[in-house]
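What follows is a set of notes on a single structure, which appears directly below.
Counting starts at 1 for both ligands and their atoms, following the listed order. Note that the coordinates shown come from a computational prediction; the quantities given were computed from them, not determined experimentally.
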Amino acid sequence: VKTLRTQSLDLFPVHVEVIDFEDDPELNAALLEAARTDPALGSSTSGKSALAGDAPWVSKLRARYAHGIGAWLGETMSGARYDLEAYVFFNYTNGSSFTPVHDHLIEADLVAIYYAHAPAQEERPDGSYYAMDPGVLVLHDPRLDARLDRRGVRTKDHYKIYPRTNRLVVQPASIRHSVTPSPGYERLAVTCTVTVNRKDLFEGYLPLDLGGSEHP
Ligand SMILES: [Fe+2]
């Protein structure tokens, strides 16, 4: 039998880092207190970045992001120079909640989600798609035909990440994600949207003036 030249390729992986830091009750309690008392921290657009303040928790939170984002970049852009900018906002719930599928392409290249407070729950990553546990972060496969690939949990059309206090998730802004409904518990996810090398990318761009023209 003639040997066929065969290239068996797995292309275009999505890199995600999930880091469980050591418990820092002081940091997490301070973040929870800030979330409960300052709703302005919950704005992803018009508010000011939560890292802009001088609260004592800012440097500790920044260090956790730096570790996780550095790990992500170290795996994917090893040796490269990066120019990073970031915006941080709180995602706080103490009632029932649900987040539909979305991405962060318009405002970021990377997203880092830090859970300052999440209820303890048993992790069942292989559980049914149709019977999800409450409050789970679900990453959705960007491939349109993901149902054809049944090799295992890494190639399933979704991947579940359970929120856990002290857990940081770093993922590309492009990956669509959602949060399953939860009936009413307190959870604080602090989200950091990061741009990578945007200044370089935008070099040579000039302001675009539409001249106040009226759109029909
Ligand atoms: Fe999100």
What pairs meet the salt bridge (charged side-chain N to carboxylate O under 4.0 Å, His left out) rule with one or both residues in residues 32-45, with sequence neighbours excluded?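 Qualifying pairs: Arg36-Glu186.
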Residue pairs, two or more places apart or on separate chains, that pass salt bridge (charged side-chain N to carboxylate O under 4.0 Å, His left out) and touch residues 106-119: Asp109-Arg198
Roughly how far, to the nearest 0.5 Å, is NE2 of His117 from CG of Leu32?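 One finds 5.5 Å between CG of Leu32 and NE2 of His117.
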List in chain and number order the residues that pass side-chain hydrogen bond (donor to acceptor under 3.5 Å, both in side chains) with Asp126, two or more places apart in sequence or in another chain; answer none if no residue qualifies. none
Ionic contact status for Asp149 with Arg151, cut-off 4.0 Å: yes
NZ/NE/NH1/NH2 to OD/OE distance under 4.0 Å, Asp141 and Lys156: no
Which residues and atoms, protein N, O or S only, are under 2.8 Å from the Fe ion (ligand 1)?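 Listed by chain and number: His102 NE2, His104 NE2, His177 NE2.
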